[in-house]
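Okay, structure first, notes after.
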Amino acid sequence: MTDRIKRTTVRDALRSDHEMEEILIKGWIRTRRDSKTFSFLEINDGSCLKNLQVIVDEGIADRAIMENVATGAAVSVIGRLIPSQGKNQTWEVTAKNLELIGKCAPSYPLQKKGHSVEFLREIAHLRPRTNLFGCVFRIRSRLAQAVHQFFQQRDFFYIHTPIITAGDCEGAGELFKVTTLDPVANKSRIEEQSYHKDFFGKPTFLTVSGQLEAEVFATSLSNVYTFGPTFRAENSNTSRHASEFWMIEPEMAFYDLQDNMDLAEAFIKELIRQVLTTCEEDLSLLGKFVDRGLQDRLNFVLERPFTRIRHSEAVTLLKSANQSFEFPVEEGLNLQSEHERWLTEKHFKCPVTIYNYPSKIKPFYMRRNDDGQTTAAMDVLVPGIGEIIGGSQREERLDYLLENMTTHGLKEEDYDWYLDLRRYGSVPHSGFGLGFERMLMFVTGITNIRDVIPFVRTPGNAEF
RNA sequence: UCCAGAGUAGCUCAAUGGUAGAGCAAGCGACUGUUAAUCGCUAGGUUGUAGGUUCAAGUCCUACCUCUGGAGCCA
């Protein structure tokens with residue numbers, strides 16, 4: 001019987017502009033309230049935040065079935081969609097037929113009332129069934145879509161850079177080693193010897209960035225972007241770091257640092273605009289229970305230009321700040337979290353783009369400025385999260401690049417193909433990396449990165 | 001990895017070194033076009049782990065584990 005009618009999602013049912021004599025709804029029961037001769041079921045199928053209220057009169061389903069129609073169970077309902085007599089919904093369904101698809105054991109850990117995000121993290125396989133995580137992951141999907149939309153509208157090409165890479169890019173940061181060798185069986189061997197027998201015949205790692213590969217395509221297709229998983233084996237235990245995360249890395253030929261900063265700002269604003277206009281309902285829940293000022297803050301960021309200051313100006317501001325910092329502020333030193341927070345949260349109270357960083361604290365591929373002291377690097381900082389974008393104009397001049405590699409202790413032969421880009425028709429180009437989860441944290445108000453990734457990987461944790 | 005804090009019922013939390021408690025959830029019942037429904041009853045515990053101090057440890061000490069917040073690394 002149920003096979004002949006097309007299933008309607010809860011979202012479509014609640015958006016209906018007319019009564020429906022017969023509707024088929026499938027989903028999970030969020031809660032049940034019993035009256036003397038009938039029951040109220042709240043059904044959610046994840047298609048939207050809201051539940052659909054179903055009225056089941058006595059006798060519609062067997063007593064044995066009704067006993068199992070409880071919180072968490074999966075059901076199928078055929079009934080009439082009619083205007084609701086109740087207060088909290090416009091439409092409701094009076095059931096003509098109720099089937100139990102999958103019953104729910106009484107040990108089901110999700111209750112009607114609020115759970116802490118810490119507890120829900122332990123049951124990551126069930127947490128998308130909560131209002132909060134349903135909202136987060138619907139928004140995550142929209143945000144990913146918005147990323148592609150932004151670049152595709154600007155004729156950028158989406159490049160799939162490798163996840164397994166050879167060689168440890170710029171020697172910085174801890175990498176995950178990829179190997180088919182058994183570390184126990186080979187423990188007595190010298191590492192170099194073992195690599196000859198390894199799958200790729202050389203050391204390989206999970207990617208920490210697709211940037212160098214993206215540069216290949218920027219110097220051929222002009223405007224490109226990557227959007228994929230990224231891996232860092234750093235022992236970072238903070239609310240803003242994960243071992244596996246998603247990063248977006250646009251790379252543009254003929255862009256200088258100014259162009260790069262302009263694009264970064266337009267990108268962040270467009271992502272916010274998309275979420276504001278397409279995720280209104282989900283945002284409203286987050287605005288109510290997670291971050292009271294969420295929508296106001298997003299609108300505020302959208303309307304104002306980001307503040308842009310040179311690193312040296314930031315240092316001057318911080319030095320004259322009427323605030324004592326734990327760490328010293330010095331020209332030539334990197335800014336600490338507390339300094340970034342002061343700039344973006346206390347002083348400017350908006351996103352801040354800092355550029356022209358001291359050369360010695362930046363990697364080899366960034367372009368040297370004419371002053372000889374700074375590089376054409378830029379970071380975008382946002383209130384509450386800190387660094388959300390890091391980028392630069394790349395060093396397109398072969399001789400300077402080689403010089404940088406020497407000072408960073410890198411071997412020329414390891415970057416031969418990268419250097420070829422400078423040998424054969426080199427052009428100025430720029431790019432940046434945006435942490436997808438950090439952006440999602442910013443638009444949802446969620447303060448821990450573990451709560452915006454479906455299945456988080458952090459040091460010591462690879463569950464599910 | 002470093003600093004700080006916390007681990008007690010399924011969840012959120014109480015408990016001067018002296019018999020382990022509540023709210024919610026669950027189970028049973030009553031009531032009701034209800035909507036975080038309401039009311040009554042029932043059950044639920046090796047107090048993170050291992051040692052130690054003490055007549056007596058959830059409570060004090062040591063080590064370890066896990067989680068949370070902050071720092072560093074960064075996106």
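Naming: A, B, ... by sequence-line order, numbering from 1 per chain.
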Go through the N and O atoms of the side chain of A:Arg450 and the base of B:C67, and report whether any donor-acceptor pair is under 3.5 Å. no
Hits for side chain to side chain donor-acceptor pair (under 3.5 Å) against A:Glu42, two or more places apart or cross-chain, chain-then-number order -> A:Arg33, A:Asn51
I'd like to know whether the aromatic ring centres of A:Phe227 and A:His148 sit less than 6.0 Å apart in this structure. yes
Please examine the side chains of A:Arg367 and A:Ser392, heavy atoms only from C-beta on, and report whether any two atoms are closer than 4.5 Å. no
Strictly under 3.5 Å: I want the nitrogen or oxygen pairs between protein and nucleotides 1-10 of chain B, one per line.
| from | atom 1 | to | atom 2 | distance (Å) |
| --- | --- | --- | --- | --- |
| B:U1 | OP1 | A:Asn235 | ND2 | 2.5 |
| B:U1 | O4 | A:Asn237 | N | 3.4 |
| B:U1 | O4 | A:Asn237 | ND2 | 3.1 |
| B:G10 | N2 | A:Gln111 | OE1 | 3.4 |
| B:G10 | N2 | A:Gln111 | NE2 | 2.5 |
| B:G10 | N3 | A:Gln111 | NE2 | 3.3 |

Ring centroids of A:Phe245 and B:A75 base under 5.5 Å with planes under 30°: yes
Would you classify A:Glu42 as touching base, sugar-phosphate or nothing, given that sugar-phosphate means primed atoms plus P, OP1 and OP2, and contacts are heavy atoms under 4.0 Å? base
Using a cut-off of 4.0 Å on non-hydrogen atoms, how would the nucleic acid contact of A:Glu67 be classed: base, sugar-phosphate, or nothing? nothing
In terms of ring plane angle, is the pair A:Phe267 and A:Phe151 parallel, tilted or perpendicular, where the classes change at 30° and 60°? tilted
Expected list for residues 131-146 of chain A near RNA chain B, using heavy atoms below 4.0 Å, is none
What nucleic acid atoms does A:Ile389 come within less than 4.0 Å of, heavy atoms only: base, sugar-phosphate, or nothing? sugar-phosphate
Looking only at B:A75, B:A71, B:U12, the nucleotide nearest the A:Glu387 side chain is B:A75
What distance do A:Glu463 atom CD and A:Thr458 atom OG1 have between them, rounded to the nearest 0.5 Å? 10.0 Å
Look at all strands and tell whether A:Glu338 reaches a base, only sugar-phosphate, or nothing, counting heavy atoms closer than 4.0 Å. nothing
Report the distance from atom CG of A:Asn68 to atom P of B:A26, rounded to the nearest whole Å. 14 Å
Report the C-alpha separation of A:Glu281 and A:Cys135 in whole Å, then their side-chain angles, then the decisive distance to 0.1 Å, and conclude whether the side chain to side chain contact (heavy atoms under 4.5 Å, CB included) test is met. CA-CA 9 Å; A:Glu281 187 180 81; A:Cys135 288; over 6 Å; no
Where along residues 82-91 of chain A does a heavy atom come under 4.0 Å from RNA chain B, residue by residue in number order? A:Ser84, A:Gln85, A:Gly86, A:Lys87, A:Asn88, A:Gln89
Can you tell which of B:A26, B:C74, B:U35 lies closest to the side chain of A:Arg438? B:C74
Grab the CZ-P distance between A:Arg129 and B:A25 for me, whole Å please. 20 Å
Please report, rounded to the nearest Å, how far the C1' atom of B:A25 is from the CD1 atom of A:Ile123. 13 Å
Does the plane of the ring in A:Phe119 sit parallel, tilted or perpendicular to the ring in A:His115? Use 30° and 60° as the thresholds. tilted
Side chain of A:Arg341: nearest nucleotide among B:A75, B:A71, B:U34? B:A71
Expressed as a whole number of Å, how far does the C1' atom of B:A71 sit from that of B:U38? 50 Å
Flag the pair A:Phe306 / A:Phe348 as yes when their ring centroid distance falls below 6.0 Å, and as no otherwise. no
Does A:Arg121 reach a base, just sugar-phosphate, or nothing at all? Heavy atoms under 4.0 Å. sugar-phosphate
On a whole-Å scale, what distance lies between the P atoms belonging to B:A43 and B:A22? 12 Å
Would you measure the distance from the C1' atom in B:A15 across to the matching atom in B:A9 and give it in whole Å? 14 Å
Can you tell me if the side-chain N/O atoms of A:Ser116 get under 4.0 Å from OP1 or OP2 in B:U12? yes
Would you indicate, yes or no, if B:C74 has its OP1 or OP2 atom less than 4.0 angstrom from a side-chain nitrogen or oxygen of A:Arg232? no
Identify each atom pair where a protein N or O and an N or O of nucleotides 38-42 of chain B are less than 3.5 Å apart, giving names and distance.
none

Any base atoms under 4.0 Å from A:Arg32, or only sugar-phosphate, or nothing? Heavy atoms, all strands. nothing
Is the phosphate of B:U35, meaning OP1 or OP2, less than 4.0 Å from a side-chain N or O of A:Arg30? no
Look at A:Ser337 and B:G72 and indicate whether a side-chain polar atom (N or O) is within less than 4.0 Å of OP1 or OP2. yes
Any chance the rings of A:Tyr225 and A:Tyr158 have centres within less than 6.0 Å? yes
Paired and unpaired positions of RNA chain B as dot-bracket, Watson-Crick or G-U wobble under 3.5 Å, | denoting a partner strand: (((((((..((((....[..)))).(((((.......))))).....(((((..]....))))))))))))....
